[in-house]
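What you see is a predicted model, and the numbers here were worked out from it, not measured in a lab. Protein chains get the first letters and strands the later ones, always in sequence-line order, with residue 1 at the start of each.
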2 protein chains.
Amino acid sequence: MHQVLIVGGGFAGLNAAKALGNKKGIQVTLIDRRNHHLFQPLLYQVAMAGLSPAEIAAPIRNILAGYRNVRVLQEEATGIDLQKNRLLTNNGELSYDSLLIACGAEDTYFGHNNWEEHAPGLKSIEQATEIRRRVLTAFETAERCSDREEQKKLLTFVVIGGGPTGVELAGAIGEMSRFTLAREFRNIDPTLTRVLLVEAGATILPTFSEKLRRRAMRDLERLGVQVWTSSRVSNVDALGVNIGGERICTRTVLWAAGIRAARFGDKLDTEKDNMGRLKVNGDLSLPGSPNVFVAGDQALSLREDGSALPGVAPVAFQQGTFVGKTILRDLKGKPRADFSYWDKGQMATIGKSRAIVETNSLKLSGFFAWVAWLLVHIYYLTGFKNRFFVTLQWAWSYLTYRRGARLIVNKEWRTCQDETRE
Amino acid sequence: MHQVLIVGGGFAGLNAAKALGNKKGIQVTLIDRRNHHLFQPLLYQVAMAGLSPAEIAAPIRNILAGYRNVRVLQEEATGIDLQKNRLLTNNGELSYDSLLIACGAEDTYFGHNNWEEHAPGLKSIEQATEIRRRVLTAFETAERCSDREEQKKLLTFVVIGGGPTGVELAGAIGEMSRFTLAREFRNIDPTLTRVLLVEAGATILPTFSEKLRRRAMRDLERLGVQVWTSSRVSNVDALGVNIGGERICTRTVLWAAGIRAARFGDKLDTEKDNMGRLKVNGDLSLPGSPNVFVAGDQALSLREDGSALPGVAPVAFQQGTFVGKTILRDLKGKPRADFSYWDKGQMATIGKSRAIVETNSLKLSGFFAWVAWLLVHIYYLTGFKNRFFVTLQWAWSYLTYRRGARLIVNKEWRTCQDETRE
């Protein structure tokens with residue numbers, strides 16, 4: 001039996017496992033420190049109370065239950081021995097014949113780790129519910145507040161980072177304050193909410209064409225989002241943000257400014273770029289270790305022109321399948337091919353019912369772009385159940401402007417602590 | 001303007017607010033330390049991964065948005081001055097002309113508060129997701145465990161308390177292990193899971209007739225639940241439970257054995273029973289304070305025969321409406337009436353597709369009882385949206401035996417802590 005070990009149950013790991021599923025002579029072990037696969041492109045919807053966590057996440061073992069040669073273990077990789085073909089985990093060690101490293105990406109604060117406390121990023125369910133808690137709590141606190149100055153600070157939201165995630169977060173806050181919450185408060189006017197989208201670079205959504213970028217800017221402004229480009233954040237603390245020489249007083253800051261490859265890769269003594277991504281060969285194998293592959297956000301995979309592939313879901317998706325197929329080819333003695341990315345285009349959504357979509361041959365914006373965005377995301381949602389329910393949930397909130405998951409959930413579940421306090 | 005202050009957004013508080021909503025001359029303030037109303041009868045479904053939190057909870061201000069004379073504040077009551085008609089909160093103080101205290105109930109460990117850490121109760125969303133995390137993690141840990149003895153302990157679940165909540169939890173664990181998880185593990189056989197339902201009294205579900213109790217016992221045993229009655233728990237720790245002279249080694253203990261009235265009531269210098277419930281007059285007012293009412297789980301309200309009304313949703317529901325109407329009658333100068341409970345019966349569900357239902361004239365069990373249970377719970381779910389989605393979710397899991405919300409979610413959202421550790 002050829003032992004394949006996959007680290008990470010994201011798009012890359014899951015697709016590799018599927019490609020190898022129920023294939024003879026192969027035993028697959030997939031490990032992940034979480035029990036669930038997360039559909040990250042929709043995570044901002046959880047942060048903005050539009051969807052419940054379970055609607056964009058599913059247990060990895062459930063997704064792969066049909067493949068009898070695949071076992072799933074909830075373990076965390078802690079080290080690797082490339083010579084002995086062994087992976088160390090928090091539960092012992094696992095040996096492999098072929099290994100796929102696909103641990104994804106995490107937030108980076110460019111050396112300012114103390115900012116994280118005040119500006120949560122958006123990579124996990126826990127972070128998304130934390131953002132939801134903060135945004136909703138800001139409105140609740142403003143409602144019971146009698147100090148107008150403090151109210152203004154509570155109703156100021158700063159989103160740092162003008163990529164698709166930052167644009168989606170800022171647009172959703174703008175929309176929520178203007179439509180969803182409008183009728184429910186007595187002491188504040190949620191439509192006076194100020195949302196600031198701050199980008200250090202010269203433009204938001206830099207990978208899109210200029211025409212679509214301008215359209216996105218206009219759509220954001222219509223939702224009350226002020227876009228500040230060429231604005232570098234120099235400090236984040238509990239009371240606000242410093243941008244250039246200016247101080248913005250706010251109680252809620254969200255971070256969408258930087259990601260880097262998962263830190264597990266740092267344990268490998270191999271070439272990396274400044275984002276911690278592992279440099280790989282054309283066949284996605286690690287230089288010097290042909291039986292070790294890297295895929296998804298953790299890989300520095302280059303196009304023919306020498307530019308790096310972007311850290312987006314379709315790249316991880318296609319790379320995972322490619323690695324699975326490469327292992328099958330190896331076993332049949334066929335020569336390896338190089339990975340080549342089929343770029344189907346890119347999209348970003350701005351609030352409800354507006355988006356921008358760009359492919360080689362097509363540029364779309366507005367409502368039809370949003371419908372395209374919707375269809376693509378529903379199609380790719382893993383597992384029929386989620387697809388079905390998310391569609392309904394969206395249809396519902398589209399018709400009613402409601403948000404279905406506006407819960408403020410605390411971190412602590414125990415209550416007896418109160419008893420001892422008294 | 002007559003100022004009505006309601007403490008607590010449960011069934012009682014919400015129904016009182018609705019009864020007073022959009023009535024002339026009345027201003028209502030409802031405070032709750034949470035932003036959401038929780039449909040507690042279905043909370044066990046969240047703990048057992050059948051429903052998402054948002055499907056059984058909705059923002060209080062959203063439910064009451066249509067009543068322009070009602071404002072909702074997320075504040076916690078901390079004290080009360082009955083002489084000056086003032087309520088103290090964590091945000092200052094609020095004055096009232098009429099007050100309704102309806103803070104509900106919380107778990108009690110009968111003086112063993114240190115048990116809570118090892119045996120979470122089921123009163124809040126946080127507790128439900130904590131139980132979900134523990135139960136699902138036990139299966140994950142057993143899957144990666146090579147020690148058969150440890151595996152056996154991991155696959156032993158103890159539910160303490162044989163009331164409806166304990167029966168529902170135990171039945172759901174039995175069912176999940178036998179059906180939902182059966183095909184997804186490679187190293188363990190989830191159908192060998194041992195579920196123990198422990199009750200100190202002589203029987204489970206003591207409020208039901210003997211015939212239905214026996215039926216429930218049989219239904220539980222069919223799901224692999226062992227029912228231990230007349231069994232008093234003498235200790236709970238991280239490694240197991242002591243029952244009588246016996247020691248059960250287990251990694252997962254759930255608490256459904258005791259509740260008491262919310263502790264806010266302790267601040268009132270008035271008569272209480274041993275569960276901390278405040279004794280009230282026939283019109284639900286506090287003795288000596290005709291403008292202060294108590295309703296729901298926090299009230300000790302007596303039937304004509306002197307027995308106490310049970311702490312169930314319909315009582316709170318009817319009492320809330322009654323208090324609202326009483327305040328309206330007061331303002332019109334009409335005399336007060338006494339509250340009388342219209343008992344529509346009781347029900348409990350055992351796993352999927354089985355339940356017991358008992359009214360004055362009717363005793364149902366099995367599938368038809370379950371359908372009745374389903375219809376009643378869907379009908380009472382607050383807000384059309386939840387009703388609609390929960391129905392669909394149930395239809396789905398009924399047809400597929402899947403559970404839609406099997407997420408293990410951690411308590412901590414920060415990731416940079418790992419960075420500093422390394």
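Using modelled atom types and a 3.5 Å distance limit, the side chains of B:Glu184 and A:Asn62 yield a donor-acceptor pair. B:Thr191 and B:Asp189 form a side-chain donor-acceptor contact under 3.5 Å, judged by distance and modelled atom types alone. Looking only at atom types and distance, the side chain of B:Asp107 has a donor-acceptor partner in the side chain of B:Gln127 under 3.5 Å away. With 3.5 Å as the limit, one finds no donor-acceptor pair spanning the side chains of B:Arg134 and B:Thr252.
Among all heavy-atom pairs drawn from A:Ala119 and A:Tyr109, the shortest one is O-OH, 2.6 Å.
Listed by sequence position, A:Leu136, A:Glu140, A:Glu143, A:Arg144 are the residues of residues 135-144 of chain A in contact with chain B, using a 4.5 angstrom heavy-atom cutoff.
Contacts between A:Ile125 and chain B at a heavy-atom distance below 4.5 Å involve the side chain alone, from C-beta outward. Interface remark: A:Ile31 contributes no atoms to any contact with chain B (heavy atom separation under 4.5 Å). If you measure heavy-atom distances from B:Leu181 to chain A, you find no contacts under 4.5 Å at all.
Between B:Arg34 and B:Glu76 there is no salt bridge, since no side-chain nitrogen of the basic residue lies less than 4.0 Å from a carboxylate oxygen of the acidic one.
Checking B:Leu122, B:Ile131, B:Ile56 one by one against B:Val46, the side-chain contact (heavy atoms from CB on, under 4.5 Å) holds for a single residue, B:Ile56.
In terms of heavy-atom pairs under 4.5 Å with chain A, the best-connected choice from B:Glu75, B:Gln74, B:Arg68, B:His36 is B:Gln74. When B:Arg61, B:Arg186, B:Glu130 are compared by the number of non-hydrogen pairs under 4.5 Å with chain A, B:Arg61 comes out ahead.
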